[in-house]
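As the structure lists them, so they are numbered: ligands from 1, and atoms in each ligand from 1.
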Amino acid sequence: MSRRTEKPFWDPDELQNELATRCLGRRLHLFNRISSTNEFAKRIARRGAPEGTLVLADAQSSGRGRHGRRWESPADRGLWFSFIMRSDATIKQLGLLPLLVGAVIVEELENMLGRRFQVKWPNDVLYEGRKICGILCEAQFTPPAIDYVVVGIGVNVNQSEDEFPLALRNWARSLSTVMNKPLDRKGLLIHLVHGLDRAFFSGHELPVKKIKLWKNACAEIGKTITLRHGREHLTGVFENVSEQGELILRCGEALHHLAAAEFSIEKKITHHS
Ligand code: BTN
């Protein structure tokens, strides 16, 4: 557990006691402010930090999303955390990992809040088309083995609509807006961490069965979608996801397997009157 001279935003001992987990969070690093929990987790993973190490920050100054995008991470408003995985199982199905993490998050949010959430390939959790949570998995290999994977999760919890930057306002949403009341961030974190611990740290395999849950929560499967690859666009029917987490797109007779590292689904914004 890391200790800083500044009083941490939550008591680390108390938090660790409340996290009655098998593996996830047994080692805990808690920061009031850090550049990025993913960057910190990667740094300590390189130096040998064990599987399940959890890094949590109240605020991030350089929170990152996929494709190097900025992830807004203000203090006192969200859950910004990362954890380390080292299992060989993750290397075989690395592309599937963000989908499985997303499925677990949907499951836990639905249990806790009693609302229906959706997923968007590959790494978003949405509510009525607005982004609630993003997942960023980053891996380091020394082929053929995996050194580590860092899974970073950002959940918008207590931002009001007008606290999101203008460019995000039509796209992002917080759970407090969904529920129409402020939420207990710590209670939510404990719930999510327990779900993730059960799913990813209670056996040696990835919980691939959760892909069924992911597909049920994916509004776009079976629909015509447009994918972006740099400046190019590709339109077709979202047939399925592969065992590696690729999006299988049907264009006429042809089936394309598209990797998340290169393709993104074009943003479709649902407007509510
Ligand atoms: C995305 O939607 O593109 C992924 C967003 C991931 C954000 C989280 S917040 C905690 C962790 N630290 C980061 O810098 N990014 C992830």
Show which atoms of ligand 1 fall inside a sub-4.0 Å distance from at least one heavy-atom site of [X].
| X | answer |
| --- | --- |
| Gly63 | 14 (O) |
| Ile135 | 4 (C) |
| Gly65 | 1 (C), 3 (O), 4 (C), 5 (C) |
| Phe81 | 10 (C) |
| Ser82 | 11 (C) |

Which atoms form the tightest heavy-atom contact between Cys251 and Thr235, and what is the distance?
SG-O, 3.5 Å

NZ of Lys209: more than 12 outside heavy atoms within 6.0 angstrom?
no

More than 12 non-hydrogen atoms from neighbouring residues, nucleotides or ligands closer than 6.0 Å to CD on Glu243, yes or no?
no

Counting both backbone and side chain atoms, is some N or O of [X] under 3.5 Å from an N or O of ligand 1?
| X | answer |
| --- | --- |
| Ser36 | yes |
| Thr37 | yes |
| Lys131 | yes |

Name the closest protein heavy atom to [atom], giving the residue it belongs to and the distance to 0.1 Å.
| atom | value |
| --- | --- |
| atom 15 (N) of ligand 1 | Arg64 O, 2.7 Å |
| atom 3 (O) of ligand 1 | Arg66 N, 2.6 Å |
| atom 5 (C) of ligand 1 | Trp71 CE3, 3.4 Å |
| atom 1 (C) of ligand 1 | Asn123 ND2, 3.4 Å |

Within less than 4.0 angstrom of ligand 1, does Glu39 place any heavy atom?
no

Is the closest heavy atom of Ser73 to ligand 1 under 4.0 Å?
no

For the atom pair OG (Ser176) and CZ (Arg77), what is the distance rounded to the nearest 0.5 Å?
8.5 Å

Between Gln60 and ligand 1, which residue portion shows a heavy-atom distance shorter than 4.0 Å: side chain, backbone, both, or neither?
side chain

Ile153, portion touching ligand 1 at heavy-atom distance under 4.0 Å
backbone

Aromatic ring pairing Trp71/Trp80, orientation class (parallel under 30°, perpendicular over 60°, tilted between)
perpendicular

Classify the ring geometry between His229 and Phe263 as parallel (under 30°), tilted (30 to 60°) or perpendicular (over 60°).
tilted

Could you tell me if the ring centre of Phe31 sits under 6.0 Å from that of Phe9?
no

Side chain to side chain, Asp76 and Arg185, heavy atoms closer than 4.5 Å
yes

Would you mind checking if Glu220 and Lys120 are paired as a salt bridge, meaning a charged N to carboxylate O distance below 4.0 Å?
no

Is Arg116 salt-bridged to Glu128, going by a charged N under 4.0 Å from an acidic O?
no

